[in-house]
Number of protein chains: 2
Amino acid sequence: MNLKQLAEHLQLSPTTVSRALNGYPEVNEATRLRVEAAARAVGYSPNAWAKGLATGRAMAIGHVMPVSKSHEMVNPVFGDFITGASEAYLRAGYDMQLTLVDDEDEAMRYRNLRRRGLVDGIIVHAPLPADERIALLREIGLPFVVHGRASELPDDYAWIDMNNRRAFERATEHLLALGHRRIALVNGPERQDFALRRREGVLTAQAAQGIAADPALLSSGEMTERLGYTATREMRALPDPPTAIVAASMVVALGIWRALRDEGVTLGREVSVVAHDDDLGYLRNGGDVPVFTATRASVRDAGRRAAEMVLQMIRDPSCAPLQTLIEAELILGQSTGRAPS
Amino acid sequence: MNLKQLAEHLQLSPTTVSRALNGYPEVNEATRLRVEAAARAVGYSPNAWAKGLATGRAMAIGHVMPVSKSHEMVNPVFGDFITGASEAYLRAGYDMQLTLVDDEDEAMRYRNLRRRGLVDGIIVHAPLPADERIALLREIGLPFVVHGRASELPDDYAWIDMNNRRAFERATEHLLALGHRRIALVNGPERQDFALRRREGVLTAQAAQGIAADPALLSSGEMTERLGYTATREMRALPDPPTAIVAASMVVALGIWRALRDEGVTLGREVSVVAHDDDLGYLRNGGDVPVFTATRASVRDAGRRAAEMVLQMIRDPSCAPLQTLIEAELILGQSTGRAPS
DNA sequence: TCACCATATCAAAGCGCTTTGAAGAGGCGC
DNA sequence: GCGCCTCTTCAAAGCGCTTTGATATGGTGA
């Protein structure tokens, strides 16, 4: 059933029916009610393609996720992020369009998204420090919000980001306050911007106490359980092993824990661990006393807010780029304690 | 730049340009090359909305994910699944449309998806044993593939599923062969179909050896790390605790492991564990000798195949419902050993 | 009574593409 | 030179909606 048929059925013109359903003022209230009732009764919804063609609005937001052959891991955080985003879209009547692209043809895909008119806005995931997509998207002229930042670029685009540097600085400060002096970092992939910021945070806190960075205590890679495990094994085999480790994610922390366990070391006594906790649904680090001391920020919440930002920018295209910085909270758990003397 | 402008620029009619770009035979090869070159040069891609309206095809597949308030966890498997699916879509030129819905208005959303014409096919996630969506989608008349099955319904729809029952039966048989007699299951939520099948598999294997099910050894819930932990703590406190545990996922297995560590128990000696491993990117259970003995089946691969199935059904709507059963492999790791005597 | 205005409805154009049916351009045999 | 056929190209209609500008209707004040 299309608009024309519905109009005939109602003995009205398509114009009036369209206006009635879209809430225009120039239609009689009684007529509107009649139209709405009929639409509901016959189960009418407007054809999205026709509507998109006529209005030029897609009523959809694109999420573009780079998945290269070299780091083909799917971000475990992604599921939570889009769940949050979809809450916002649902409320606003927007759809969500997901595109996973190889790095190589990413530029082309963005251009296509625009030219084909499929989306009104874009959320950019996993930015690099000098991410080319930001210039590209600006040139393309589609509203976009970056989840994360590109540190090497001028700060004049819209983004939402957790304060990675500050969070990891605080985590390190906490360990320093407990007397630790050999503090390791098992970081995410350091071509990613967030990982660089985290590393900076750890180093800044140490430098403030006059502690020089030891490259042997800095590890990075895809944030898998295995990374945590192998990095910890290697570091603990050093002549002067770390007494504390900062972990880039809960999954990594689990690997660290496994390595320590293999060694017969107790978490929070011989070795302390602070993890970053994205508050994922399936890996909650909760309870009265969480297992891990952690810097926590909900990625789902970030998704919701990112979506709201992009919707806002679509509503008001002339507004300055929105920027949201989320502070992580530092929650104390069982995995940290005074440095062994 | 639209088709008309491109046609003018080429001194051709829109008809010819359209045909040239869409590979119709009735256009001169020289003309086609000229058109293609021009299209590339000016960066033309057809407007998706106009194309959709004209062809009636959306060139998009919808993934609908139920996210209720009661079990609001995002499936950690989802990310890998859609990564696999998007590989297939990319090749076929399809887009992916993601919808997360509350259980309540799910039916309405499916109907809308159809009426609005946004998608040509649907992938259904997380089916229940008597899932109403299957009848609904059939009535709606949109090609669909279920990831999983609805055991209580007639088996006449398209699905792709891992052989949950057989996998968990094999896992249990393995433990039985090692001499275990007290075998526990930490299962996923048993309103979900896959969880019921898994439980069946465990019970079948035990029954074949004349072992009756002990309700105290059957636990289920959202598949979190915490579930594994608490279930294990409780079971191990029983007068006659289990010597082996089958885990519904790697994340759950990590929780089980944590509980056993707390107890000072060594994995694979006092207590054996077999996990189901979805082969997720961030939780690889690999290496020469994996940590966990596991039933393994790649969920990413399932996503890719599900996508191919739905595309096939769109190509040939009259074909019988495709059904794909994936067998998990049983890989031996360090987490299983002979039952303590 | 008439002009005037606000209100409620409509006809028709247009969004950018595909596709049907028609027509122009050559090549061939007679 | 004519008719016929094949190979290319084209004009125009149509997909289902929104939106502009016009039209009918009834109420008001002069």
Side-chain angles (χ1 to χ4, degrees), chain A residues 1-36 38-39 42-60 93-95 111-120, chain B residues 1-36 38-39 42-60 93-95 111-120:
Chain A
M1 163 88 60
N2 59 26
L3 184 68
K4 199 168 150 194
Q5 293 168 325
L6 180 62
E8 267 167 29
H9 173 237
L10 280 162
Q11 307 268 57
L12 285 170
S13 75
T15 310
T16 305
V17 176
S18 170
R19 304 208 121 140
L21 293 174
N22 288 307
Y24 282 76
E26 54 270 76
V27 47
N28 190 321
E29 201 52 32
T31 312
R32 183 195 309 285
L33 291 175
R34 198 161 67 91
V35 171
E36 279 171 352
V42 304
Y44 168 80
S45 1
N47 177 295
W49 304 95
K51 193 161 184 162
L53 185 56
T55 60
R57 264 171 287 121
M59 295 304 283
Y94 274 70
D95 292 310
R111 287 217 152 80
N112 259 353
L113 232 41
R114 164 60 163 187
R115 288 196 297 241
R116 296 169 57 213
L118 267 181
V119 299
D120 297 324
Chain B
M1 163 87 64
N2 60 26
L3 184 67
K4 198 167 150 196
Q5 292 168 327
L6 181 61
E8 266 166 29
H9 173 238
L10 280 162
Q11 306 267 58
L12 285 171
S13 76
T15 310
T16 306
V17 176
S18 171
R19 305 207 119 141
L21 293 174
N22 288 307
Y24 282 75
E26 55 269 77
V27 46
N28 190 322
E29 200 53 33
T31 311
R32 182 195 309 286
L33 291 175
R34 198 160 67 90
V35 171
E36 279 171 352
V42 302
Y44 168 80
S45 5
N47 177 294
W49 303 96
K51 193 161 185 163
L53 185 57
T55 60
R57 265 171 287 121
M59 294 304 283
Y94 274 71
D95 292 310
R111 288 217 152 81
N112 258 353
L113 232 43
R114 165 59 163 186
R115 288 196 297 242
R116 297 169 57 210
L118 266 180
V119 300
D120 297 324

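Per chain, numbering begins at 1; letters A, B, ... match sequence-line order. Just so it is clear, the model here is predicted, and its values are computed rather than measured.
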Roughly, in whole Å, what's the span from [atom1] in [X] to [atom2] in [N]?
X: B:M1; N: C:dC17; atom1: CE; atom2: C1'; result: 16 Å
X: B:Q5; N: C:dG16; atom1: CD; atom2: P; result: 8 Å
X: B:L21; N: C:dT18; atom1: CG; atom2: P; result: 8 Å
X: A:K51; N: D:dC15; atom1: NZ; atom2: C1'; result: 17 Å
X: B:L6; N: C:dC17; atom1: CG; atom2: P; result: 9 Å
X: A:E8; N: D:dC17; atom1: CD; atom2: C1'; result: 15 Å
X: A:L3; N: C:dC15; atom1: CG; atom2: C1'; result: 15 Å
X: A:H9; N: D:dG16; atom1: NE2; atom2: P; result: 18 Å

Who passes side chain to side chain donor-acceptor pair (under 3.5 Å) against B:R111, sequence neighbours left out? B:E139
For B:S13, which residues count as a side chain to side chain donor-acceptor pair (under 3.5 Å) partner, sequence neighbours excluded? B:T16
Tell me the closest heavy-atom pair linking A:A7 and A:P14, and the distance in Å. CB-N, 3.6 Å
Specify the closest pair of heavy atoms between A:V27 and A:A20, including all atoms of both residues, with the distance to one decimal.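 So the two residues come closest at CG1-CA, 3.9 Å.
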Check whether any side-chain nitrogen or oxygen of [X] sits under 4.0 Å from OP1 or OP2 of [N], and answer yes or no.
X: B:K4; N: C:dC17; value: no
X: A:Y24; N: D:dT18; value: no
X: B:N2; N: C:dC15; value: no

Sub-3.5 Å donor-acceptor pair from the side chain of [X] to the main-chain atoms of [Y], do we have one?
X: B:N28; Y: B:A30; value: yes
X: B:D120; Y: B:R57; value: no
X: B:T55; Y: B:K51; value: yes
X: A:R115; Y: B:G43; value: yes

Can you tabulate the close N/O pairs, meaning under 3.5 Å, that link protein atoms to atoms of nucleotides 8-11 of chain D?
residue: D:dT9; atom: OP1; partner: B:T31; partner atom: OG1; Å: 3.0
residue: D:dT9; atom: OP2; partner: B:N28; partner atom: N; Å: 3.3
residue: D:dT9; atom: OP2; partner: B:T31; partner atom: OG1; Å: 3.2
residue: D:dC10; atom: OP2; partner: B:S13; partner atom: N; Å: 2.8
residue: D:dC10; atom: OP2; partner: B:S13; partner atom: OG; Å: 3.3
residue: D:dC10; atom: OP2; partner: B:T16; partner atom: OG1; Å: 3.0
residue: D:dA11; atom: N7; partner: B:T15; partner atom: OG1; Å: 3.3
residue: D:dA11; atom: N6; partner: B:T15; partner atom: OG1; Å: 2.8

Which protein N or O atoms sit under 3.5 Å from an N or O of nucleotides 23-25 of chain D?
none

Report the nucleotide, chosen from C:dG16, D:dC17, C:dT18, that has the shortest atom-to-atom distance to any side-chain atom of B:N47.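 Of all the options, the side chain of B:N47 is nearest to C:dG16.
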Can you identify which nucleotide, out of D:dT19, D:dG16, C:dT18, has its nearest atom closest to the B:L53 side chain?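 My answer, after comparing the listed nucleotides, is D:dG16.
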Between A:E36 and A:L21, is there a side-chain heavy-atom distance shorter than 4.5 Å?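 A:L21 reaches A:E36 side chain to side chain.
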So do A:H9 and A:Q5 actually touch side chain to side chain, heavy atoms under 4.5 Å?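 Contact flag for A:Q5/A:H9 side chains = no.
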Please name all residues satisfying salt bridge (charged side-chain N to carboxylate O under 4.0 Å, His left out) with B:R32, sequence neighbours left out, ordered by chain then number. B:E29
How far apart are the C-alpha atoms of B:N2 and B:N47, what are their side-chain angles, what is the distance that settles it, and do they pass the side-chain contact (heavy atoms from CB on, under 4.5 Å) test? CA-CA 8 Å; B:N2 60 26; B:N47 177 294; over 6 Å; no
Estimate the overall bend of the helix from C:dT1-D:dA30 to C:dC30-D:dG1 from the end axes over five pairs each, rounded to 10 degrees.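 The two end axes of the helix from C:dT1-D:dA30 to C:dC30-D:dG1 meet at 60°.
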